[in-house]
There are 2 protein chains.
Amino acid sequence: MPKLHETAEVEGDRPAVAVKTLAARLREQLADDIVRGALAPGVSLEEAELARRFEVSRTPVREAIRLLVASGLVEARPHRSAVVARATEVELAGMFEALRELECLCAGFSAERMTAAECTELKRIHAALLRVVRAGDPQRYHELNEQFHSIIYAGCHNDYLERLTLETRARIAPFSRAQFRALGRLARSHAEHETIVRAILDRKPDRASAAMKAHIGSVHDAYATYRGS
Amino acid sequence: MPKLHETAEVEGDRPAVAVKTLAARLREQLADDIVRGALAPGVSLEEAELARRFEVSRTPVREAIRLLVASGLVEARPHRSAVVARATEVELAGMFEALRELECLCAGFSAERMTAAECTELKRIHAALLRVVRAGDPQRYHELNEQFHSIIYAGCHNDYLERLTLETRARIAPFSRAQFRALGRLARSHAEHETIVRAILDRKPDRASAAMKAHIGSVHDAYATYRGS
DNA sequence: GTATGCGATTTTGTATGCAAACCTGCACAT
DNA sequence: ATGTGCAGGTTTGCATACAAAATCGCATAC
């Protein structure tokens with residue numbers, strides 16, 4: 001299955017497409033697997049085994065792992081196999097808190113800075129979410145919900161802050177599967193989104209930030225409940 | 001000068017000290033050089049040259065560079081030499097804004113969570129800074145000022161948020177040299193610190209956060225003035 | 001039954017070789 | 001003067017080889 005050595009046909013005749021290295025593609029693949037849950041926290045990332053699986057040598061595998069280590073998705077100690085990053089309850093709580101605050105910042109700035117086009121897109125996704133709630137499709141809700149939040153990250157018009165927030169969400173993802181299983185949560189989540197959207201469209205940063213804080217808080221609570229703590 | 005191959009004598013008889021790999025030590029050295037300004041933004045990091053300089057092979061050099069790429073201090077494109085990360089004015093402004101907000105968060109949480117010991121340490125550094133202001137030593141002020149802020153990052157008792165803030169500060173450092181050249185700035189900076197310290201000791205998160213925002217704002221302004229924008 | 005020590009195996013860390021991509025400088029055409 | 005094309009050298013990307021560290025299993029001692 002791993003089609004990493006494909007010669008990566010250049011789409012279109014744009015010469016500006018930088019051909020990715022094997023290490024870069026490996027990093028993407030592994031990061032995706034970790035975030036999506038295919039590689040669970042604690043799973044060992046053995047270099048030789050990954051090299052065999054992807055039919056490359058250990059060198060690009062090592063580089064990909066180093067990249068992931070620096071981004072926090074993988075932890076490594078000298079002379080020991082790297083493993084998908086684990087987290088204690090305390091660390092996890094810290095990351096949740098940080099994500100909540102980052103999202104509040106993004107929401108606040110979005111209320112100040114979103115362009116008309118971005119506002120339209122926000123409304124579009126919000127409307128699509130409502131249809132998904134009515135259809136009762138938790139998986140699809142999860143996907144669109146991520147898009148909803150991502151639009152708000154982008155709307156802050158601060159690339160660095162956007163990146164921090166996206167990375168934090170990715171770092172938490174391996175620990176927060178199965179959040180929207182209850183259908184009641186979907187409806188509640190959408191109602192909270194409504195408040196956020198209103199505040200942003202009304203250009204009220206403080207209200208947007210507060211609404212986001214309440215929203216994330218309730219998600220976090222749901223997560224804590226799910227974990228049984 | 002590069003003493004990287006030293007056999008790293010184990011201090012004490014603790015067997016728990018994880019011996020660092022060459023790549024890890026290289027990363028530290030390079031990151032330090034970049035943050036301290038010895039390697040300016042845009043400077044090319046040629047693998048073979050670094051390998052010669054540090055008397056190691058290209059492999060650990062490559063790994064160190066990959067680590068730095070993921071942390072944002074270095075930028076790399078396939079088949080091209082890695083260079084110390086540059087930043088446009090817009091990106092820099094974004095990072096400054098993010099740092100300001102992160103520091104405000106830390107200050108707010110510190111007001112809620114700092115232990116008695118941490119409060120004592122905060123007061124100690126604050127007092128030491130006053131002496132440095134009177135002595136008029138910008139370099140020493142810069143060092144102690146970093147410690148002052150670092151204590152507040154740690155005081156938030158959220159390791160992840162602390163790390164984000166430290167990394168953001170490091171990422172900005174290469175672009176913010178020579179901030180405290182004017183002596184008037186030192187006195188003003190110390191006065192602003194006073195407000196922050198008071199708020200934290202009084203356990204007033206909102207006041208602490210606001211005081212920090214005002215403080216960083218004035219630093220940023222000083223920076224902007226220095227850059228001529 | 002638990003703990004300890006030792007050797008074989010496994011796995012990582014580093015060095016090196018080679019091919020492909022990139023850059024330089026120069027000749028040449030426009 | 002500006003642009004184009006093409007050697008030649010340089011630098012990176014990947015594969016492989018070997019050394020050093022850690023792990024595992026098993027025998028032995030308590």
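Here the structure is a predicted model, which means the values were calculated and not measured. Order of the sequence lines sets the chain letters (A, B, ...), proteins ahead of strands, with each chain counted from 1.
- Close to dA15(C), at under 4.0 Å from its OP1 or OP2, lies a side-chain N or O of S57(B).
- The phosphate of dC14(D) has neither OP1 nor OP2 within less than 4.0 Å of any side-chain N or O from R58(A).
- The nucleotide whose nearest atom lies closest to any side-chain atom of S81(B) is, among dC23(C), dC14(D), dT11(D), dT11(D).
- Here the side chain of R113(B) pairs no donor or acceptor atom with the backbone of G155(B) at under 3.5 angstrom.
- Mapping S44(B) and P60(A) onto DNA chain D by nearest heavy atom places S44(B) at the nucleotide closer to the 5' end.
- Applying the 4.0 Å criterion to OP1 and OP2 of dG13(D), one finds that R62(B) has a side-chain N or O inside that range.
- Residues F109(B) and H157(B) place their aromatic rings such that the two centres sit no closer than 6.0 Å.
- A side chain to side chain contact (heavy atoms under 4.5 Å, CB included) with L99(B) is found for one member of R171(B), E167(B), H149(B), R169(B) and no other, namely R169(B).
- At a threshold of 4.0 angstrom between heavy atoms, the contacts of E46(B) are confined to the sugar-phosphate backbone, with no base atom among them.
- Distances shorter than 4.0 Å separate some side-chain N or O of R66(A) from OP1 or OP2 on dG13(C).
- We find that CD1 of I65(A) is positioned 10 Å from C1' of dT12(C), with the value rounded to whole Å.
- Contact annotation: T59(A) side-chain N/O to dT16(D) OP1/OP2 distance is not under 4.0 Å.
- The pair E121(A)-R124(A) meets the salt-bridge criterion, with a side-chain N (NZ, NE, NH1 or NH2) lying under 4.0 Å from an Asp/Glu carboxylate O.
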